[in-house]
Amino acid sequence: MTIMFNKHSDPAAAGPGNHRVRFADLHAGYPGRPVLRQLTAEVPALAMTALVGPNGSGKSTLLGVLAGVIDATSGQLRFSEGRPPAFVPQRGAVGDTLPLTVRQTVEMGRWGERGPWRRLNRGDRAAVDAAMEQLGVADLATRQLGELSGGQRQRVLIAQGLAQQSDLLLLDEPTTGLDPEARGRITALLTELVAGGTTVVQATHDLEAARAADACLLLSDGRLVGRGSPDQVLTPTALARIWQPA
Ligand code: ADP
């Protein structure tokens with residue numbers, strides 16, 4: 001099989017109305033387990049894109065490919081000019097019992113620049129402070145991660161992503177398992193980030209969050225079955241087709 005995996009910057013694609021990421025005929029998965037098949041789509045710049053689909057449809061895998069932690073097996077992936085993406089994993093993937101304070105957790109967002117456990121410089125500390133302020137977790141700085149509510153912990157993880165100072169933020173199910181108030185707060189924060197010039201991609205089960213996005217990619221069994229505005233994509237027919245009643 002020919003592998004045509006191209007990952008390079010495309011300066012012409014930057015700016016509003018353009019695309020931050022494009023992929024074409026993308027295939028990816030895990031050893032012995034192909035997951036994503038033949039995906040072709042774009043992520044609009046300076047907008048919110050929701051990746052929607054049932055459990056196991058490949059949302060996390062696609063985020064992993066966009067984040068550069070999973071290699072595509074074939075296809076093309078192009079990023080417009082910008083910083084490497086910041087990836088906010090699922091809350092469940094982050095140990096609640098790790099003996100880390102909120103500040104230490106957010107500081108880990110600087111490791112890509114500085115290296116693990118290195119002393120942070122003044123610029124790093126300013127980025128960490130700004131991210132904690134923006135997510136409303138500065139007053140929790142010395143608390144242990146494990147002591148926090150789900151919504152607070154999620155905001156800490158988003159602050160860790162923001163501390164990376166990327167213009168492309170990828171989030172895996174940031175509102176899953178939160179109460180409606182915490183969900184609304186996260187959605188409002190993400191909308192604010194987009195207004196401030198960040199391109200956001202979030203995998204979500206939360207149809208309310210997906211309807212509030214600018215663009216939707218609908219996945220079913222590793223294939224893209226819808227792309228466009230939420231109104232175009234999240235139709236009752238499309239949703240009924242992929243979310244069969246149990
Ligand atoms: P979603 O995020 O939509 O729930 P995932 O991308 O997590 O979907 O999973 C897609 C498919 O890939 C599932 O069948 C899942 O079991 C499989 N999968 C996920 N992670 C791994 C892994 N590390 N190794 C093998 N298979 C995996």
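Residue indices begin at 1 and follow the sequence shown. Just so we're clear, the structure is a prediction, and the values are computed from it rather than from any experiment. Computation of the quantities below employed the complete heavy-atom set of this structure, encompassing side-chain atoms and omitting hydrogens, waters and symmetry-equivalent molecules.
- Judged as a side chain to side chain contact (heavy atoms under 4.5 Å, CB included), and not counting sequence neighbours, the contacts of Thr61 are Tyr30, Val35, Leu36, Ile70.
- Separation of atoms CD1 (Ile158) and CZ (Arg153) is listed at 13.0 Å; rounding is to 0.5 Å.
- In terms of heavy atoms, Ala215 sits closest to Pro44 at CB-CG, 3.9 Å.
- At a threshold of 4.5 Å between non-hydrogen side-chain atoms, the residues Gln152 and Val137 do not count as touching.
- In this view, Gln160 and Thr105, Met108 satisfy the side chain to side chain contact (heavy atoms under 4.5 Å, CB included) rule, not counting sequence neighbours.
- The shortest distance between side-chain heavy atoms of Leu51 and Thr204 does not fall below 4.5 Å.
- Checked by atom type, the side-chain pair Glu173/His205 shows a donor-acceptor distance below 3.5 Å.
- Checked against salt bridge (Lys or Arg N to Asp or Glu O under 4.0 Å), Asp221 has the following partners two or more places apart in sequence or in another chain: Arg37.
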From CA spacing to verdict: side chain to side chain contact (heavy atoms under 4.5 Å, CB included), Leu224, Leu219: CA-CA 5 Å; Leu224 199 62; Leu219 286 168; 4.0 Å; yes
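- Looking at heavy atoms from C-beta onward, Leu190 lies in side-chain contact with Pro174 at the 4.5 angstrom threshold.
- The CG atom of Leu171 sits 9.5 Å away from the CG atom of Leu157 when rounded to the nearest 0.5 Å.
- Applying the side-chain hydrogen bond (donor to acceptor under 3.5 Å, both in side chains) test to every pair with at least one member in residues 46-60, sequence neighbours left out, gives these pairs: Ser60-Asp172.
- For residues 126-137, the pairs satisfying side-chain hydrogen bond (donor to acceptor under 3.5 Å, both in side chains) are Arg103-Asp129, with sequence neighbours left out.
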Side chain to side chain contact (heavy atoms under 4.5 Å, CB included) between Thr142 and Val102, worked out: CA-CA 6 Å; Thr142 58; Val102 165; over 6 Å; no
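- You'll find the side chain of Thr101 stays beyond 4.5 Å of the side chain of Leu140, heavy atoms only.
- Contact of the Pro99 side chain with the Gln144 side chain is registered, since non-hydrogen atoms from C-beta on lie closer than 4.5 Å.
- The distance from atom CD of Gln38 to atom NE2 of His27, rounded to the nearest 0.5 Å, is 5.0 Å.
- Side-chain N or O atoms of Ser166 include one that pairs as donor or acceptor with a backbone N or O of Leu168 at under 3.5 Å.
- With a 4.5 Å cut-off on side-chain heavy atoms, Leu62 and Leu26 count as touching.
- With sequence neighbours left out, the side-chain hydrogen bond (donor to acceptor under 3.5 Å, both in side chains) criterion links Arg83 to Glu113.
- The minimum heavy-atom distance linking Arg125 with Leu120 is given by the pair NH1-O, 2.9 Å.
- Pairing each heavy atom of Leu135 with each of Ala159, the nearest pair is CG-N, 3.9 Å.
- A salt bridge (Lys or Arg N to Asp or Glu O under 4.0 Å) check over residues 174-185, counting only residues at least two apart or in different chains, returns the pairs Arg183-Asp206.
- For Arg211, there are no salt bridge (Lys or Arg N to Asp or Glu O under 4.0 Å) partners, not counting sequence neighbours.
- Pairing each heavy atom of Val106 with each of Ala131, the nearest pair is CG1-CB, 4.4 Å.
- No donor-acceptor pair closer than 3.5 Å links the side chain of Arg22 to the backbone N or O of Phe79.
- Between Thr199 and Val194, every side-chain heavy-atom pair lies at or beyond the 4.5 Å cut-off.
- Gly222 approaches Leu39 most closely through the heavy-atom pair O-CD2, 3.5 Å.
- Once rounded to the nearest 0.5 Å, the distance linking CG of Leu193 with CG of Asp167 reads 12.0 Å.
- For the pair Gly161 and Ala86, the tightest heavy-atom approach, listed with the atom from each and the gap, is O-CB, 3.4 Å.
- Considering only residues two or more places apart in sequence or on other chains, Arg110 meets the salt bridge (Lys or Arg N to Asp or Glu O under 4.0 Å) condition with Asp124.
- Qualifying salt bridge (Lys or Arg N to Asp or Glu O under 4.0 Å) partners for Arg143, counting only residues two or more places apart in sequence or in other chains: Glu147.
- Annotation: the span from Ile186 atom CD1 to Gln154 atom CD amounts to 5.0 Å, rounded to 0.5 Å.
- Between Phe23 and Arg78 the shortest side-chain heavy-atom distance does not fall below 4.5 Å.
- Note that CG of Leu77 is 6.5 Å distant from CG of Leu66, once rounded to the nearest 0.5 Å.
- Under the side-chain hydrogen bond (donor to acceptor under 3.5 Å, both in side chains) criterion, Thr235 pairs with no residue at all, not counting sequence neighbours.
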Please list, one pair per line, the donor and acceptor atoms closer than 3.5 Å that link side chains of residues 225-234 to other protein atoms, with sequence neighbours excluded.
| from | atom 1 | to | atom 2 | distance (Å) |
| --- | --- | --- | --- | --- |
| Arg227 | NH1 | Thr40 | O | 3.4 |
| Arg227 | NH2 | Glu42 | OE1 | 3.1 |
| Arg227 | NH2 | Glu42 | OE2 | 3.0 |
| Ser229 | OG | Gln232 | N | 3.3 |
| Ser229 | OG | Gln232 | OE1 | 3.3 |
| Gln232 | OE1 | Ser229 | N | 2.8 |

